[in-house]
Amino acid sequence: MIPICVQCRTGGNPCRCKVVGPTLGLVAFLAAGVVEWPVGALVYIFKHAKGRRIMGHPATHVYPKVSRSIPI
């Protein structure tokens, strides 16, 4: 079965859709989330704003930077 590109609805990735960058971004997001979310939850008990910032870090900083750094 040939994978179909979501954007242009054709097989074989002719429109050069980004696949590797977002995939590695997701892996980095999950790795950072495993560490930062429990820490953020603990900090949230004492300092709400700082805890929210820590828990939001994977989504606001890690995923976008990793997915943009790889052009394919």
Atom pair CZ/NE2 of Arg53 and His48 - distance to nearest 0.5 Å: 13.5 Å
Contacts under 3.5 angstrom, residues 23-40 side chains, donor-acceptor by atom type, not counting sequence neighbours:
unit_1: Thr23; atom_1: OG1; unit_2: Val19; atom_2: O; d: 2.6
unit_1: Glu36; atom_1: OE1; unit_2: His57; atom_2: ND1; d: 3.0
unit_1: Glu36; atom_1: OE2; unit_2: His57; atom_2: ND1; d: 3.2
unit_1: Trp37; atom_1: NE1; unit_2: Met55; atom_2: O; d: 2.6

Any pair counted as side chain to side chain donor-acceptor pair (under 3.5 Å), so long as it reaches residues 26-35, sequence neighbours left out: none
Nearest non-hydrogen partners of Ala59 and Pro64, listed with the distance: O-CD, 3.5 Å
Test side chain to side chain contact (heavy atoms under 4.5 Å, CB included) applied to Lys65 - qualifying residues, sequence neighbours left out: none
Cluster companions of Phe46 among Ile, Leu, Val, Met, Phe, Trp, Tyr (side-chain spacing under 4.5 Å): Leu42, Ile45
